[in-house]
Amino acid sequence: MVTKALEEIRRGTAEIIDMERIEALVRKYYEDGTTYTVKAGFDPTGADLHLGHTVLLQKLRVFQNHGARVQLLIGDFTATIGDPTGKSETRKVLDKETIMVNAKTYQDQVFNVLDPSKTDVVFNSEWLDVLGAGGLVGLATLFNVARMLERDDFEKRYKGGQSISIAEFLYPLLQGYDSVELKSDIEIGGTDQKFNLLMGRHLQRAYHVGKEQAVLMMPILEGLDGVHKMSKSLGNYIGIAEDPKDIYAKTLSVSDELMWRYYELLSAKSLQEIMQMKENVEKGILHPKAVKEGLALELTERFYNTDAAQEAKEAFDNVFKANLIPEDIQEVAVENNIWICKALVDAGIEPSTSQARRDIKQGAVRINQEKISDDQLALSSGEYVLQVGKRKFAKVKVD
RNA sequence: GGUGAGUUACUCAAGCGGCCAACGAGGGCAGACUGUAAAUCUGCUGACUAUGUCUUCGAAGGUUCGAAUCCUUCACUCACCA
C-alpha cells in the first residue's frame, strides 16, 4: 500500500527534495493513522483556474488520498505585492477588493478536484497583517541580497538593467514565512517556484519550527501554444469553468506533441497505457486524432460528466467534420438593408468594419455557407447565418 | 543629489523635419494544404460606407507651410557617480 502510494505521489513530478521525509510521513499514516500537512499556495491574481493549476490540485488530491490534510493557502497578502517569479518586469499590484473576489471564485472551483473535508483554506494576511515592521525586519535579517540575487529571474533583470522593487525581494521571504506559521510538512508547487519553496525550508530552520518541509515540484504545463506556460494573461489556457464545448475544442487544438505532455500531466490513465498509445501511433496503428479525442473527452468529463462530454464531441464533429452550422449560435436583430460589414460588427464576430472589409476581400466571410467577395453588399430582410473564418458564427435577423 | 542614455502599435525594434498609419521580427487573424493538429506557403494586421478623412510614436506646450523626428517643461525607466 505504501509503495503504491509513493508511486502515485512520484508520478509526473519534476523534482522532489527530501523524499525520505515524505516516505516516512506516508508510512506513519498507514501504520497508525497520523495525518500530515501539505501546503500549496495560490496567488489570487486571476479569477479562473485552468488546467495548469489542476496539475498541482490533482497532486494534492493524491496526497489527500494518502493521509494528508491540505493547507490551501490563499496568498491574499502576498498578492498585493505580486510574485516576481518568471516575470521580466515589475508586476502590477492588485487592490484588496479584487483579490478577495478572485479568492472566492478560486475556492468555488478548487473543490472540483480537492476533498473539502480534508482541506483547510487559510489566508496569509491573517499573520502577515500583524507581523508589523519589526517582524518584517527580523524576517529580512535571515536572508541576504547576494543569495536573493542568485535567483534566476532576479539575476536576469538585475544584469539586464531592469528594475526590481524591494517589495519583490520580500515576496519569497513572506511566502517562506507562511510555511513557518503553518508548520507545513510538505509544500508543493511548480518548478518555477523552487526558490520560494526552498525558502520555506530555510525559514523553518531559522525559526526553529522543529521540522523542515519536504518540497515537491511539478513541471509547468505549457499552454495551448506549446511554448509558454499556461496562464490567463497569455490567453493560452483551458479554464476548468469553461463551457464543455470549449474545453473539448481547445483540447483538440493542441499540437500532437503537446498532447502527450497533457496526457502525462493531466490524464488519469496509467503511464503504461499512455506509452502503449504512443507506440501505436508511431507504428501507424492508431490515429493521433483519435488519441486526442480521448484526451478531450476525459478532460471534459472530469469537470462536467459523460453526457456533457459526449454532447461536446457531437457538436464539434457536426461543425467541423460534417460542416454543419452549430446549433447554439447567438442571434442578433439588425435593421433592414444593413451594410454587410456593419452587420458583422453588430453580430460581434468582427471588431471593426475595417477588419470586416479585409476579411471579405480575403474570402474569409460566408453568408449561409456561401463565400462572398463584395464588401458593399447590403442585407435585405430575412435570416442569415454569417461566418468569419472557421469558428466564428452569428445568426442575424433582418427586419 | 549629480551626469548621461532612453520612453514608438499586442511584444521586441527601426525611423532622427515632408516620400510615415510609421521598415523589420515575433505574435495574432485569414486563405491554401490538413486531422479546426504541427510544419510549410500566401495575404492582412489604427479607425471611419473609404483612391479620401480622422486619431496615433510617454504627457503638455512651442518652433515650422509641415513634427514620431527640432525646442521647453513634466512624468517614468535605466546606467555611472554620490
Side-chain angles (χ1 to χ4, degrees), chain A residues 86-93 154 156-165 168 222-229 231-238 245-263 277-278 281-282 284 286-297 299 312-326 329 334-346 348-366 369-379 386-393:
Chain A
K87 298 286 161 176
S88 50
E89 52 193 79
T90 308
R91 203 159 160 179
K92 281 188 198 81
V93 168
F154 279 151
K156 276 193 201 114
R157 279 161 65 182
Y158 188 67
K159 287 195 174 151
Q162 285 175 304
S163 85
I164 304 169
S165 74
E168 287 177 288
E222 291 86 354
L224 299 174
D225 53 21
V227 181
H228 302 287
K229 95 182 219 186
S231 86
K232 187 159 191 195
S233 49
L234 293 175
N236 60 356
Y237 69 103
I238 301 177
K245 290 189 182 72
D246 290 330
I247 295 180
Y248 186 86
K250 280 187 178 181
T251 307
L252 227 45
S253 80
V254 306
S255 71
D256 289 3
E257 217 176 312
L258 190 61
M259 162 178 84
W260 297 116
R261 182 91 175 136
Y262 277 28
Y263 254 116
M277 281 195 295
K278 201 166 177 179
V281 166
E282 271 157 23
L286 199 55
H287 196 291
K289 181 83 191 302
V291 181
K292 209 180 287 175
E293 277 172 353
L295 178 68
L297 277 175
L299 293 177
K313 176 170 160 44
E314 274 161 31
F316 182 87
D317 289 348
N318 277 341
V319 175
F320 294 107
K321 281 196 184 148
N323 263 321
L324 298 177
I325 293 157
I329 53 176
V334 294
E335 71 267 27
N336 198 359
N337 226 11
I338 190 171
W339 179 36
I340 178 66
C341 294
K342 191 79 176 42
L344 289 164
V345 174
D346 284 355
I349 53 177
E350 284 285 19
S352 68
T353 56
S354 301
Q355 183 63 44
R357 282 177 177 234
R358 284 182 215 115
D359 282 340
I360 290 171
K361 230 173 275 170
Q362 293 193 91
V365 177
R366 287 161 193 269
Q369 315 272 45
E370 296 284 323
K371 203 176 270 189
I372 60 163
S373 56
D374 178 13
D375 63 3
Q376 289 303 317
L377 204 68
L379 296 178
L386 306 182
Q387 180 183 356
V388 179
K390 274 178 264 190
R391 50 188 102 183
K392 278 176 284 186
F393 295 90

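Proteins get letters first, then strands, A, B, ... in listed order; numbering begins at 1 in each.
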In whole angstrom, give me the gap between the [atom1] atoms of [N] and [M].
N: G26(B); M: C80(B); atom1: C1'; answer: 33 Å
N: C10(B); M: C48(B); atom1: P; answer: 15 Å
N: A14(B); M: G31(B); atom1: P; answer: 34 Å
N: A22(B); M: C12(B); atom1: C1'; answer: 16 Å
N: G28(B); M: A37(B); atom1: P; answer: 14 Å
N: G2(B); M: C70(B); atom1: C1'; answer: 27 Å
N: C54(B); M: G6(B); atom1: P; answer: 33 Å
N: U53(B); M: U8(B); atom1: P; answer: 29 Å

Can you tell me the distance, in whole Å, between the [atom1] atom of [X] and the [atom2] atom of [N]?
X: Asp225(A); N: A38(B); atom1: CG; atom2: P; answer: 11 Å
X: Met259(A); N: A38(B); atom1: CE; atom2: C1'; answer: 11 Å
X: Arg391(A); N: G28(B); atom1: CZ; atom2: P; answer: 11 Å
X: Ile360(A); N: G31(B); atom1: CD1; atom2: C1'; answer: 15 Å
X: Tyr248(A); N: G35(B); atom1: OH; atom2: C1'; answer: 12 Å
X: His228(A); N: C10(B); atom1: NE2; atom2: P; answer: 18 Å
X: Lys292(A); N: U34(B); atom1: NZ; atom2: P; answer: 17 Å

Original post:
What about Asp256(A): does its side chain form a donor-acceptor pair under 3.5 Å with the base of G35(B)?
Top reply: yes
Residues forming a side-chain hydrogen bond (donor to acceptor under 3.5 Å, both in side chains) with [X], sequence neighbours excluded:
X: Arg358(A); answer: Gln355(A)
X: Arg391(A); answer: none
X: Lys313(A); answer: Asp317(A)
X: Asn236(A); answer: Asp225(A)

Is [Y] close to [X] at the side-chain level, that is, under 4.5 Å between some pair of heavy atoms?
X: Lys278(A); Y: Leu286(A); answer: no
X: Glu314(A); Y: Lys245(A); answer: no
X: Val319(A); Y: Phe393(A); answer: yes
X: Leu386(A); Y: Val365(A); answer: no

Subject >> Given RNA chain B, 5'-ward residue of the pair Lys392(A) and His287(A), judged by closest heavy atom >> reply: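 Looking at the nearest nucleotide for each, Lys392(A) comes out on the 5' side.
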Original post:
Toward the 5' end of RNA chain B, which comes first, Gly389(A) or Leu252(A), by nearest nucleotide?
Top reply: Gly389(A)
Which base sits across from [N] as a Watson-Crick or G-U pair, both distances under 3.5 Å?
N: U73(B); result: A59(B)
N: A13(B); result: none
N: A68(B); result: none
N: C78(B); result: G4(B)
N: C44(B); result: G28(B)

Original post:
Can you pull the salt bridge (Lys or Arg N to Asp or Glu O under 4.0 Å) pairs that have at least one residue in residues 334-346 of chain A, sequence neighbours excluded?
Top reply: Lys342(A)-Asp346(A)
Original post:
Along nucleotides 41-53 of chain B, 5' to 3', which nucleotides get a B, which get an S, and which get a -, given that the test is a protein heavy-atom distance under 4.0 Å?
Top reply: --BSS-SBBB---
**OP:** Tell me what Ala249(A) touches on the nucleic acid: a base, only sugar-phosphate, or nothing, going by heavy atoms under 4.0 Å.
**Re:** base
**OP:** Have a look at Val254(A) and say if it touches a base, only the backbone sugar-phosphate, or nothing, with a 4.0 Å heavy-atom cut-off.
**Re:** sugar-phosphate
